[in-house]
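Labels below follow one simple rule: chain letters A, B, ... track the order of the sequence lines, proteins then strands, and each chain is numbered from 1. The analysis underlying the following values was restricted to heavy atoms, covering all of them including side chains, and did not include hydrogens, waters or symmetry mates.
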Amino acid sequence: MDFFAEHGRDLPWREPTASPWAILVSEVMLQQTPVNRVLRVFGQWMARWPDPTSLAADTPADVIRIWGRLGYPRRALRLHAAATVITARHTGVVPDNVETLLLLPGIGEYTARAVAAFAFHRRTPVVDTNVRRVLSRVVRGVDEPREPATAADRAEMATLLPLEPAKAARFSAAVMELGALVCSARSPACGWCPLADRCRWRMAGSPPGQARRAVQTWHGTDRQVRGRIMAALRASDGPIPEVTVAQLSADTEQGLRCLASLLADGLAVRVDSVHIALPD
DNA sequence: GAGACGTGGGA
DNA sequence: TTCCCAAGTCT
């Protein structure tokens, strides 16, 4: 926590004045997405939609455009849906407990706890990929492949939390920051690490972990084509012809398949028999 | 529980 | 250039 006080980054969602809504928005944007990329969109987003009710009042099309190139645009849609639920069922107030937060679209085990801890000082273990990696190395002495945190990870973190709730939240943020800035996945800076003298992984000679299962290759995938289609929809003021969409892949069949999946996800809608647009 | 889901930067 | 990774969630 001394490390965090000295080296923690000044981020807008860490300001004492940051609202629970701002913290929730930041946590969703940060899912699988680097801080530097989130910073560019976060300010614009909060200026336009300072609370859930203002977001719920706008269209998914606006939301998807502001989301821009953050990636995983379904997150934008779910954030809009979450704002709608908060407005309709919680009088526009962000829920302050894990159980209720988990019911919101796009809010899973990590994000629910992050919001509960960072926005409301609930004493709950917050375990993201950074915390998971730090615990794995420092406590268990192994470098595990990157996977979503498990209940066992949360149970382990729970045993380490300070008793005072606000301090526990700060502790979680501190471990996350250590993982992000020092105990990184590829090139950990053990020389700077405040835990170096008690790290079981370091004491064991920093053994390499088991390789992660192969990730999907990117070139020519449906994900790439979906991304192209969404980029075309965002760039256009109005509807675009379906034939244009189909040609965004060298394989017309793939183009149509991807379009169908975007329609199924609600990221695009048909406006007539031959045109596609962002959802209203 | 494996697999799908965007994007771009650093090694 | 290629590979891997970045505050996960949902099906």
A.B. asks: Contact class for A:E109 vs. all strands (heavy atom < 4.0 Å): base, sugar-phosphate, or nothing?
C.D. replies: sugar-phosphate

A.B. asks: Contacts to DNA chain B from residues 17-31 of chain A, heavy-atom cutoff under 4.0 Å, which residues?
C.D. replies: none

A.B. asks: C:dT11 C1' sits how many Å from A:R75 CZ, rounded?
C.D. replies: 18 Å

A.B. asks: A:M230 CE to B:dT7 P: how many Å, rounded?
C.D. replies: 8 Å

A.B. asks: Mark yes or no for whether A:R132, through its side chain, and A:E147, through its backbone, hold a donor-acceptor pair below 3.5 Å.
C.D. replies: yes

A.B. asks: Considering residues at least two apart in sequence or located in another chain, which fulfil the side-chain hydrogen bond (donor to acceptor under 3.5 Å, both in side chains) criterion with A:S236?
C.D. replies: none

A.B. asks: Please list, in numerical order, the residues of residues 151-175 of chain A that have a heavy atom closer than 4.0 Å to any atom of DNA chain B.
C.D. replies: none

A.B. asks: Could you check how far CG of A:D128 sits from C1' of C:dG8, rounded to whole Å?
C.D. replies: 10 Å

A.B. asks: Scan residues 11-22 of chain A for pairs that pass side-chain hydrogen bond (donor to acceptor under 3.5 Å, both in side chains), counting only residues two or more places apart or in two chains.
C.D. replies: A:R14-A:E177

A.B. asks: Calculate the interatomic distance between A:L79 atom CG and C:dT9 atom P; express it in whole Å.
C.D. replies: 13 Å

A.B. asks: Answer yes or no: is there a side-chain heavy-atom contact under 4.5 Å between A:W67 and A:D62?
C.D. replies: no

A.B. asks: Please report the closest heavy-atom contact between A:E156 and A:V139, naming both atoms and the distance.
C.D. replies: OE2-CG1, 3.3 Å

A.B. asks: Mind telling me whether A:H7 and A:F3 have parallel, tilted or perpendicular rings, with 30° and 60° as the class edges?
C.D. replies: tilted

A.B. asks: When clusters are formed from ILVMFWY side-chain contacts under 4.5 Å, directly or step by step, what else is grouped with A:L248?
C.D. replies: A:I64, A:L77, A:V225, A:I229, A:M230, A:L233, A:I240, A:V245, A:L259, A:L262, A:L263, A:L267, A:I276, A:L278

A.B. asks: If only atom types and distance count, is the side chain of A:R122 paired as donor or acceptor with the main-chain N or O of A:A114 below 3.5 Å?
C.D. replies: no

A.B. asks: Identify which nucleotide among B:dT7, C:dA7, C:dA6 has an atom closest to any side-chain atom of A:R146, counting heavy atoms from C-beta outward.
C.D. replies: C:dA6

A.B. asks: A:D222 has an atom CG; how far is it from atom P of B:dA4, in whole Å?
C.D. replies: 9 Å

A.B. asks: Can you tell me the distance, in whole Å, between the CG atom of A:L262 and the P atom of B:dG6?
C.D. replies: 7 Å

A.B. asks: Just grab all the side-chain hydrogen bond (donor to acceptor under 3.5 Å, both in side chains) pairs involving residues 157-169 of chain A, residues at least two apart or on different chains.
C.D. replies: none

A.B. asks: Just how far, in rounded Å, is P of B:dG6 from CZ of A:R226?
C.D. replies: 4 Å

A.B. asks: Can you tell which of B:dT7, B:dG6, C:dA7 lies closest to the side chain of A:M176?
C.D. replies: C:dA7

